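Data first, discussion second: the structure below is written as structure tokens.
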Amino acid sequence: MADDSLKLSRRALQLQPSAIRAMAKQASLPGVVSFAAGAPSPLKFPVDAVQEALSEIMSDPVLRVQALQYGASEGYQPLRDLIARMLVPDDGSISADDVIITSGSQQALDFIGKVFLDPGDRIIVTSPTYVGALQAFGLYEPEFVSVPVDDQELDLTLLEAEMQAGAKFLYLMPDHGNPSGTTVPLEQRIAILDLATRYRIPLIEDQAYDQLQLEGKPLPTLLQLDRAQDGADPIVCYLGTFSKSLTPGLRVGWIVAPPVVIEKLVSIKQASDLNSGTLNQVLVHAVANKALESHGPVLRAFYRAQRDAMLEALDVCMPEGVTWTRPKGGMFVWVQLPDGMDAAKLLPHAFENYRVIFVPGGSFHADGSGRNTLRLSYSLPTTDQIRAGISALAEAIREFRHGSKTPNPTGETTTMKMKSIAAALGGVCAIAAAGSASAGTLEDTLERGILKCGTSEGVSGYSAPNDQGVWTGFEVDICRAVAAAVLGDATAIEFVPLNSKDRFTALQSGEIDVLPRTSTHTFTRDTSLGLDFVAVDYYDGQGIVVSKDSGITSLSELDGATICLRAGSTTEVNLNDYFRANNMEFSSVVYDTSDEIREGYAAGRCDAMSGDRSQLAVRVSQLPNPQDHFVLPGLISKEPLSIAVRQGDDDWGDVVRWSFYAMVFAEENGITSENVDEIKETATNPQVRRMLGLEGEFGNYLGIPADWGYQIVKQVGNYGESFERNLGKGSPIGLDRDQNALAKDGGLQYSMPFN
């Protein structure tokens with residue numbers, strides 16, 4: 001069938017598929033590392049907040065009718081109010097009347113094209129620029145003119161010349177733009193706005209990545225600068241979205257524009273889809289109003305770790321002549337290959353032989369230039385995949401650049417196997433990158449003189465400030481032991497309180513040095529988070545608390561129960577496994593902190609609460625009538641609570657591991673904080689002498705002072721002392737040692753030998 005047999009329009013016949021979307025099939029194949037997709041990581045979708053907000057909306061008889069009905073073409077009023085406050089919170093220069101809600105920012109680009117463009121109109125774009133904008137505007141048959149932009153700056157001389165020649169608008173992504181990650185400096189923003197005002201050229205400011213500022217302070221947007229001008233009519237149309245900060249699946253974006261533009265956009269919206277999905281808007285408003293501020297730091301820490309892994313791998317692996325940007329935010333690194341190389345031709349070579357894909361840069365240039373450029377996205381691969389993928393890509397570039405071919409001595413049938421030798425060479429680079437990505441924690445700690453310790457957000461017996469504001473608890477003592485070993489001072493610690501959802505991200509991103517905070521060592525955590533669990537400091541198990549009045553006496557009686565639990569933990573996973581295995585059902589009420597779980601249970605929002613048995617003992621002790629509640633017999637799961645460090649920093653892992661073992665070893669050998677000085681003078685046991693630094697070079701092996709073991713016991717005490725004062729029968733928690741007794745006493749705790 002010919003292309004025009006169905007009388008398609010000239011415009012439709014010219015349409016081409018997205019270069020990025022076309023790669024989705026390749027990205028889904030097993031073993032492929034994809035740097036192509038610019039989608040946000042599903043690991044950081046605020047699932048719990050969305051679920052809670054949706055439940056609240058559906059439970060409200062007035063709000064649910066509003067959410068399920070047609071809405072105003074301008075959009076949901078409370079959401080428009082929220083956006084106005086987000087963008088200019090202080091001076092009121094923007095109101096809901098300046099905002100229209102769109103179905104994602106891609107619809108916003110299409111609407112801008114409809115409002116401004118006639119065939120043949122000139123529009124100014126940067127080179128490179130967002131390919132989706134070129135597609136959206138291209139439907140209206142304009143003439144694109146390009147202004148080069150490097151890692152930060154536009155060519156202002158050329159920009160002014162193009163504005164003098166006339167244009168319908170300038171399209172610009174000033175913050176962490178797709179594809180180059182460019183952040184336009186403040187002085188250039190002011191200059192661009194001055195030029196646009198002088199020549200009356202509207203500015204289309206696309207801020208899709210405004211919530212992903214990964215370092216430094218955000219600069220004023222063009223919109224903010226525009227609305228702060230005295231006496232000048234506004235000239236900036238601002239495009240925003242919740243796709244990167246919350247989730248793209250809800251498709252909620254917006255445009256802020258001058259009144260005359262908003263009026264036309266409303267008419268276009270009515271002709272297009274009447275209104276964006278009302279339920280989605282109400283849901284986004286509820287989530288953003290509650291969780292956006294707290295979710296932002298978690299999101300940024302995650303992407304910062306992703307970006308840093310990619311930049312460090314590029315630094316280690318890439319051959320001479322390849323350069324790249326160092327973005328301050330967003331999701332992308334822009335790579336320039338040596339002159340003469342064509343990224344579009346490199347792509348099939350990299351995919352077929354190394355199972356790595358990226359987006360060639362030519363599609364981001366309106367003038368067809370940039371053939372030696374490519375875009376890498378760090379949002380979706382794991383940090384290990386990033387390092388391995390960059391390693392393989394570097395090898396592909398070397399080979400493609402020199403036109404060499406790796407021999408196939410074994411006659412293997414797949415192209416991946418045919419490149420096994422070259423892939424192995426790339427693996428060396430990946431290992432080096434992994435080491436550089438997280439090595440140096442010991443050196444950093446020694447240099448700053450402070451250990452950064454991640455703790456719970458105030459859980460009695462584990463980590464909580466006392467009446468004098470001093471942090472105490474079992475987790476705290478682990479960090480005190482490490483600080484005593486490394487710095488000779490158990491108080492040289494910065495405590496960083498973390499909830500369950502943030503704890504691993506804080507460690508991955510380098511916000512903390514060590515995480516003793518109650519974290520179960522599981523297969524998926526050990527293999528997929530880029531962390532190492534160096535020692536089990538507490539053997540626990542998951543249990544369930546009920547009230548005595550409930551009449552429930554066993555786990556088997558919980559079918560249909562509602563259970564309060566913690567977000568971002570293994571608790572719900574374990575419950576799902578247990579209930580499914582026993583052909584039972586339950587519903588969950590999810591909270592972020594132990595206090596919220598306890599309060600929800602006490603208020604009757606659930607029939608039971610679940611968590612590690614040690615944590616449940618704390619929660620029960622804090623209930624108004626603790627004697628009226630008890631932990632059901634039996635365990636839902638094993639919970640080996642472990643100390644975590646970043647993967648790849650083996651030296652630091654050794655320091656943390658042996659600091660813990662020193663505490664256990666001291667208890668095994670009867671060494672306490674009170675008698676350690678006497679034992680130090682009289683000890684003859686070779687292992688004791690080594691641990692105390694009296695002989696051998698154990699401190700030297702670890703890169704810390706020779707008396708590190710002595711300092712731990714003297715300043716913190718042995719494992720039994722810490723357990724007893726924080727969790728044991730002599731503490732308000734009152735736990736038995738059980739599995740956490742020494743092995744010689746029937747428990748599971750014992751130290752590795754000091755020899």
Side-chain angles (χ1 to χ4, degrees), residues 20-21 23-24 26-28 32-51 104-105 132 175-179 181 208-215 241-253 284 287-288 291-313 327-333 356-359 375-390 434 437-438 498-511 524-525 527-531 567-569 573 646-647:
I20 300 172
R21 297 274 173 173
M23 302 174 73
Q26 291 178 329
S28 65
V32 171
V33 177
S34 173
F35 298 128
S41 172
L43 298 175
K44 292 301 157 189
F45 291 163
V47 176
D48 295 333
V50 171
Q51 187 174 26
S105 60
D175 287 300
H176 336 305
N178 180 356
Y209 302 90
D210 62 331
Q211 291 294 311
L212 297 186
Q213 177 89 28
L214 305 182
E215 61 181 70
T241 179
F242 288 105
S243 292
K244 310 304 186 293
S245 56
L246 295 178
T247 168
L250 295 175
R251 308 305 301 131
V252 175
V284 164
V287 175
L292 186 58
E293 187 174 344
S294 61
H295 183 59
V298 177
L299 197 65
R300 288 186 284 274
F302 174 81
Y303 284 119
R304 190 181 305 119
Q306 298 285 104
R307 178 203 62 178
D308 291 350
M310 178 168 283
L311 291 178
E312 287 156 351
K328 296 180 180 178
M331 296 179 176
F332 308 106
V333 173
V356 178
I357 61 174
F358 52 83
V359 182
R375 189 195 75 177
L376 302 175
S377 172
Y378 48 77
S379 60
L380 292 181
T382 67
T383 53
D384 284 345
Q385 288 173 329
I386 288 171
R387 294 169 188 135
I390 294 297
S438 56
L498 299 165
N499 63 32
S500 295
K501 294 185 292 186
D502 300 346
R503 53 186 164 168
F504 298 129
T505 305
L507 184 57
Q508 292 164 338
S509 67
E511 183 182 352
T524 52
R525 287 176 174 177
T527 58
S528 66
L529 293 181
L531 306 178
S569 69
V573 175
R646 282 182 293 281
Q647 195 172 66

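A quick note: this is a predicted structure, and the numbers were derived from the prediction, not measured.
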Heavy-atom closest contact (Arg646 atom, Gln508 atom, distance): CD-O, 3.8 Å
Closest non-hydrogen atom pair, Val287 against Val50: CG2-CA, 3.8 Å
side-chain contact (heavy atoms from CB on, under 4.5 Å) between Phe332 and Tyr378, worked out: CA-CA 6 Å; Phe332 308 106; Tyr378 48 77; 5.6 Å; no
Pair Phe358-Arg375, side-chain contact (heavy atoms from CB on, under 4.5 Å): steps then yes or no: CA-CA 6 Å; Phe358 52 83; Arg375 189 195 75 177; over 6 Å; no
Distance-minimising heavy-atom pair for Ala37 and Leu380: CB-CD1, 3.9 Å
Donor-acceptor pair, side chain of His295 and main chain of Phe45, under 3.5 angstrom: no
Separation between OH of Tyr303 and CG of Asp308, rounded to the nearest 0.5 Å: 14.5 Å
side-chain contact (heavy atoms from CB on, under 4.5 Å) assessment of Phe35 paired with Ile390: CA-CA 9 Å; Phe35 298 128; Ile390 294 297; 3.8 Å; yes
CA sep, side-chain torsions, deciding dist, call: Ser243, Arg251, side-chain contact (heavy atoms from CB on, under 4.5 Å): CA-CA 7 Å; Ser243 292; Arg251 308 305 301 131; 3.2 Å; yes
Interatomic spacing from CG in Leu43 to CZ in Phe302 - rounded to 0.5 Å: 5.0 Å
Backbone of Leu214 reached by a side-chain donor or acceptor of Arg300 within 3.5 Å: no
Validation row: Pro40, Thr247 side chains within 4.5 angstrom (heavy atoms): no
salt_bridge(Glu215, Arg307) N-O dist < 4.0 Å: yes
Donor-acceptor pair, side chain of Ser379 and main chain of Ala39, under 3.5 angstrom: yes
Non-hydrogen side-chain atoms of Val356 and Val32 separated by less than 4.5 Å: no
Gap between atom CE of Met331 and atom CG of Leu376 - 0.5 Å precision: 14.5 Å
Leu212 side chain reached by Leu299 side chain, heavy atoms, under 4.5 Å: yes
Least distance between heavy atoms, Gly389 atom then Val33 atom: CA-CG1, 4.0 Å
Main-chain N/O of Met310 paired with Arg387 side-chain donor or acceptor, under 3.5 Å: no
Note, Phe242 side chain near Gln211 side chain (heavy atom, < 4.5 Å): no
Side-chain heavy-atom pair Pro381, Ser34 within 4.5 angstrom cut-off: no
Side chain Gln385, main chain Thr382, donor-acceptor under 3.5 Å: yes
Residue among Leu531, Asp384, Leu507 satisfying side chain to side chain contact (heavy atoms under 4.5 Å, CB included) with Gln647: Asp384
